[in-house]
Amino acid sequence: MAIRTKYKLVIPPKLGIYTLSGIATAIITVLIILISQISTIATDDKIPFKPHPLPESLANWKDLNNKGDYFDQIESANFGYLVFSKFPIKVYIENLVSNSNWKEIVATAILKWDNYLPLNLVEQPQDADIKIIRKNPPLDPQKKRASSAETRYQVSVKYTPEGFPYLSHRFTIWLSPTQTGQYIEAAVLHEFGHGLGIWGHSPEPTDVMYFSQVREPPPISVRDINTLKRIYQQPTRLGWPVL
């Protein structure tokens, strides 16, 4: 239900290049610089490789019945787990004048995750940590057919106000316009789970992060939250500046 693209580099706008050959040269140069920066920072021993403090809502979560988790199914990158360290996580939902009901359904669904990680809806896509778009997901040449929903992430180098570089990441979620009824909410809950850092799937159909769509979509389960909490307890270089 989700393509997991490890890296997607975005060329900064306004390069100031005006000829075709100049643009090509500039793009190659920028790509080399960005890849070099990310590769260096992702493995730089000067950046802490440790967990961030848990937000209060997740820190207070307790599973009194020991339902377990599926943490062993979760992937990490060479820089660690895909966790956010600044809260609330900013979310942009595409504003469709022609279908305002869609945005309401999506917002209601994602805010169910707000019980565990603080979220905040924003009006501008450039302000978001997670963007949700009502559009067919980009085609993947390795797949035989298009997906109805996908999540991908981008990694970039940003700088603190003091000028220290650090790794940052953003997610984009695509939801097919053909999704209807309860399956819109099910797709949103699942893909947004990926966007929060659950970079893998559950083997149990009673979990939101089950690898396949089911006839009766389940709510967010105890196992989903147990897994989310374990992920946010793991080390990462995301969000830690070079000091």
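- Closest approach of Ile231 to Gly197, counting heavy atoms only: CD1-O, 3.6 Å.
- The heavy-atom pair separating Trp174 from Asn136 by the smallest distance is CD1-O, 4.2 Å.
- Annotation for Glu104: atom CD does not count as buried by contact number, only 12 or fewer foreign heavy atoms lying within 6.0 Å.
- The minimum heavy-atom distance between Trp240 and Lys50, with the atom names listed, is NE1-O, 2.9 Å.
- Between Val188 and the options Ile105, Ile173, Val208, Ile110, a side chain to side chain contact (heavy atoms under 4.5 Å, CB included) holds for only Ile110.
- Cluster membership check: Phe192 does not share its hydrophobic cluster with Tyr183, using side-chain heavy-atom separations under 4.5 Å among Ile, Leu, Val, Met, Phe, Trp and Tyr.
- Under the ring pair (Phe, Tyr, Trp, His ring centres under 6.0 Å) criterion, Tyr70 pairs with no residue, sequence neighbours left out.
- Taking a 6.0 Å sphere around CD of Glu123, one finds it holds 12 or fewer heavy atoms contributed by other residues, nucleotides or ligands.
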Pair Asn120-Asp114, side-chain contact (heavy atoms from CB on, under 4.5 Å): steps then yes or no: CA-CA 9 Å; Asn120 183 39; Asp114 183 58; over 6 Å; no
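- When all heavy atoms are compared, the tightest approach of Arg223 to Gly68 is CG-O, 3.3 Å.
- Applying the side chain to side chain donor-acceptor pair (under 3.5 Å) test to every pair with at least one member in residues 57-69, sequence neighbours left out, gives these pairs: Trp61-Asn226, Asp63-Asn226, Asp69-Arg230.
- A 4.5 Å side-chain heavy-atom check between Phe79 and Leu238 finds at least one atom pair inside the cut-off.
- Between His194 and Trp199, the ring-plane angle classifies as perpendicular under the 30° and 60° cut-offs.
- The closest side-chain heavy-atom distance from Leu119 to Leu196 is below 4.5 Å.
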Derivation of the side-chain contact (heavy atoms from CB on, under 4.5 Å) call for Lys86 and His52: CA-CA 9 Å; Lys86 295 178 176 61; His52 291 278; over 6 Å; no
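- Taking CG from Leu58 and NZ from Lys229, the interatomic distance works out to 6.0 Å, rounded to the nearest 0.5 Å.
- The distance from atom CH2 of Trp113 to atom CD1 of Ile130, rounded to the nearest 0.5 Å, is 10.5 Å.
- Remark: the backbone N or O of Lys90 is paired with a side-chain donor or acceptor of Asp129 at under 3.5 angstrom.
- Note that OH of Tyr166 and OH of Tyr159 are 11.0 Å apart. Values are rounded to the nearest 0.5 Å.
- Between Tyr210 and Thr206 there is no side-chain heavy-atom pair separated by less than 4.5 Å.
- Between Glu94 and Lys135 there is no salt bridge, since no side-chain N of the basic residue sits under 4.0 Å from a carboxylate O of the acidic one.
- Contact check for Phe211 versus Gln73: no side-chain heavy atoms found under the 4.5 Å cut-off.
- Formation of a donor-acceptor pair under 3.5 Å by the Arg152 side chain with backbone atoms of Thr172 is not found in this model.
- Here the straight-line distance linking atom CD1 of Ile133 with atom CD1 of Ile93 works out to 10.0 Å at 0.5 Å rounding.
- Heavy-atom neighbours of Glu56 CD from other residues, nucleotides or ligands within 6.0 Å: at or below the threshold of 12.
- Hydrophobic cluster membership differs between Leu54 and Phe49, with clusters built from Ile, Leu, Val, Met, Phe, Trp and Tyr side chains linked at under 4.5 angstrom.
- Inspection of the Glu162 and Thr160 side chains reveals an N or O donor paired with an N or O acceptor under 3.5 Å.
- At a threshold of 4.5 Å between non-hydrogen side-chain atoms, the residues Arg134 and Pro177 count as touching.
- For Thr236 (side chain) and Tyr81 (main-chain N/O), a donor-acceptor pair under 3.5 Å exists by modelled atom type.
- The minimum heavy-atom distance between Val157 and Pro165, with the atom names listed, is CG1-CB, 4.0 Å.
- When side chains are defined from C-beta on, Leu117 counts as touching Phe87, because their heavy atoms get closer than 4.5 Å.
- Annotation: side chain of Lys112 is in contact with side chain of Leu189 (closest heavy-atom distance under 4.5 Å).
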Evaluation steps, side chain to side chain donor-acceptor pair (under 3.5 Å), between Ser221 and Asp224: CA-CA 5 Å; Ser221 71; Asp224 289 321; 3.0 Å; yes
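- Atom CD1 in Ile220 sits 9.0 Å away from atom CG in Leu228 (nearest 0.5 Å).
- Partners of His169 by ring pair (Phe, Tyr, Trp, His ring centres under 6.0 Å), not counting sequence neighbours, listed by chain and number: Phe84, Phe171.
- Residues Leu175 and Ala187 share a closest heavy-atom pair of CD2-CB, 4.2 Å.
- Remark: side-chain polar atoms of Arg170 are paired, donor with acceptor, to backbone N or O of Ala128 under 3.5 angstrom.
- To the nearest 0.5 Å, the span separating CG on Leu82 from CD on Glu75 amounts to 9.0 Å.
- Proximity of Ser156 to Lys158: side-chain heavy atoms (C-beta onward) are separated by under 4.5 Å at one or more points.
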